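Bear in mind the structure is a predicted one, so any value in this text is a computation, not a measurement. Only heavy atoms go into these numbers, but all of them, side chains included; no hydrogens, no water, no symmetry mates.
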Amino acid sequence: EVQLVQSGGGAVQAGGSLRLSCAASGLTFDDYNIAWFRQAPGKEREGVALISVSDETTYYIDSLKDRFTIFGERAKNTVYLQMNNLKPEDTAIYYCAARTRNLGSSWWSRLSTYNFWGQGTQVTVSL
């Protein structure tokens with residue numbers, strides 16, 4: 001059984017940092033890529049970043065690549081999202097998701113291409 005278990009998140013003031021974790025079980029990074037998505041109140045879920053841990057390639061939504069970093073730790077089968085200089089507009093529920101590596105970066109922000117999802121974690125940024 002595949003599971004993506006998220007941790008981290010919480011409340012922080014603007015300018016602060018948070019790190020989200022996505023611990024994967026039942027799959028390997030040789031076969032799956034991991035992405036982070038977020039969904040703000042009243043908005044659609046959007047892709048934040050994708051990583052192929054196997055070859056260490058990453059992709060980001062342009063608006064966040066200067067503040068967010070996605071990285072993986074093979075030994076722990078975990079992918080992280082480091083979020084710096086957080087802004088109130090970053091407030092959302094964040095999800096990690098896994099899809100097969102053979103898709104590469106194609107349509108990486110398309111939700112329907114993902115096979116498994118984490119439970120979501122709330123990030124709240126206040127002024």
Side-chain angles (χ1 to χ4, degrees):
E1 179 187 7
V2 174
Q3 283 191 314
L4 300 177
V5 179
Q6 297 178 220
S7 59
V12 66
Q13 289 189 322
S17 297
L18 285 173
R19 179 177 293 181
L20 306 182
S21 301
C22 176
S25 61
L27 61 79
T28 72
F29 293 149
D30 289 332
D31 299 320
Y32 286 86
N33 290 340
I34 304 294
W36 285 97
F37 288 79
R38 68 182 185 181
Q39 187 165 17
K43 294 188 177 181
E44 293 186 351
R45 195 171 299 187
E46 66 174 353
V48 172
L50 171 78
I51 185 169
S52 170
V53 178
S54 184
D55 58 21
E56 298 183 357
T57 55
T58 58
Y59 305 89
Y60 294 89
I61 188 173
D62 285 345
S63 60
L64 296 176
K65 61 183 179 181
D66 292 335
R67 299 188 293 119
F68 288 16
T69 303
I70 188 171
F71 62 100
E73 189 172 358
R74 270 189 172 275
K76 294 185 177 181
N77 225 38
T78 298
V79 168
Y80 304 90
L81 183 68
Q82 177 67 40
M83 306 182 292
N84 298 328
N85 190 22
L86 283 161
K87 303 176 180 181
E89 52 264 41
D90 295 320
T91 295
I93 299 175
Y94 285 71
Y95 300 89
C96 63
R99 72 176 197 176
T100 55
R101 280 196 65 222
N102 63 330
L103 293 174
S105 61
S106 300
W107 304 105
W108 74 265
S109 60
R110 181 170 286 184
L111 277 65
S112 61
T113 63
Y114 289 83
N115 307 98
F116 305 103
W117 290 83
Q119 80 275 20
T121 186
Q122 178 71 46
V123 171
T124 303
V125 185
S126 59
L127 288 170

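Hydrophobic cluster membership differs between Leu18 and Tyr80, with clusters built from Ile, Leu, Val, Met, Phe, Trp and Tyr side chains linked at under 4.5 angstrom. Val48 and Phe71 fall into different hydrophobic clusters, where Ile, Leu, Val, Met, Phe, Trp and Tyr residues are linked whenever their side-chain heavy atoms come under 4.5 Å apart, directly or through other members. Under a hydrophobic clustering in which Ile, Leu, Val, Met, Phe, Trp and Tyr are joined whenever their side-chain heavy atoms come within less than 4.5 Å, directly or via other members, Leu50 and Leu111 fall into the same cluster.
Contact of the Arg38 side chain with the Glu46 side chain is registered, since non-hydrogen atoms from C-beta on lie closer than 4.5 Å. The closest side-chain heavy-atom distance from Arg110 to Leu103 is not below 4.5 Å. A 4.5 Å side-chain heavy-atom check between Val125 and Glu89 finds every atom pair outside the cut-off. Counting heavy atoms from C-beta outward, Pro88 and Leu127 have side chains that approach closer than 4.5 Å. In this structure, Val79 and Phe29 have side chains that are in contact, with non-hydrogen atoms separated by less than 4.5 Å. Residues Phe68 and Asp90 form a side-chain contact, since some pair of their non-hydrogen atoms from C-beta on lies under 4.5 Å apart. No side-chain heavy atom of Glu1 sits under 4.5 Å from any side-chain heavy atom of Ser25. Residues Tyr32 and Val53 form no side-chain contact, since every pair of their non-hydrogen atoms from C-beta on lies 4.5 Å or further apart.
Atom-to-atom distance recorded for Leu86:CG and Thr124:OG1 is 10.5 Å, nearest 0.5 angstrom. Rounded to the nearest 0.5 Å, atoms CE (Met83) and OG1 (Thr69) are 11.0 Å apart. Here CH2 of Trp108 is found 10.0 Å from OG1 of Thr58. Values are rounded to the nearest 0.5 Å. With values rounded to the nearest 0.5 angstrom, Ile70 atom CD1 is found 9.0 Å from Cys96 atom SG. Separation of atoms NZ (Lys76) and SG (Cys22) is listed at 14.0 Å; rounding is to 0.5 Å. The CZ atom of Phe116 sits 11.0 Å away from the CD atom of Gln3 when rounded to the nearest 0.5 Å.
Arg101 pairs in a salt bridge (Lys or Arg N to Asp or Glu O under 4.0 Å) with only one of the listed residues (Asp31, Asp55, Asp30), which is Asp55.
The side-chain tip of Arg99 points at the ring of Tyr114 from less than 6.0 angstrom away and within 45° of straight on. The side-chain tip of Arg45 points at the ring of Trp117 from less than 6.0 angstrom away and within 45° of straight on.
Checked by atom type and distance alone, the side chain of Gln6 never pairs as donor or acceptor with a backbone atom of Leu20 at under 3.5 Å. When atom types are taken as modelled, the side chain of Asn77 and the backbone of Leu27 share a donor-acceptor pair closer than 3.5 angstrom. For Thr121 (side chain) and Gly8 (main-chain N/O), a donor-acceptor pair under 3.5 Å exists by modelled atom type.
Heavy-atom minimum distance, Ile93 versus Gly120: CG2-CA, 4.0 Å. Taking both residues in full, the closest heavy atoms of Trp107 and Thr113 are given as O-OG1, 3.8 Å, listed atom of the first, atom of the second, then distance. Closest of all the heavy-atom pairs between Ile34 and Ala98 is CD1-CB, 3.6 Å. Listed here is the closest heavy atom pair of Trp36 and Ser21: CH2-O, 3.6 Å. Residues Asn33 and Gly104 approach most closely at ND2-O, 3.7 Å, considering heavy atoms. Between Ser17 and Asn85, the shortest heavy-atom distance links the atoms OG-N, 4.2 Å.
For Tyr95 and Phe37, the gap between ring centers reaches or exceeds 6.0 Å.
Side chains of Thr100 and Asn102: a donor on one and an acceptor on the other come within 3.5 Å.
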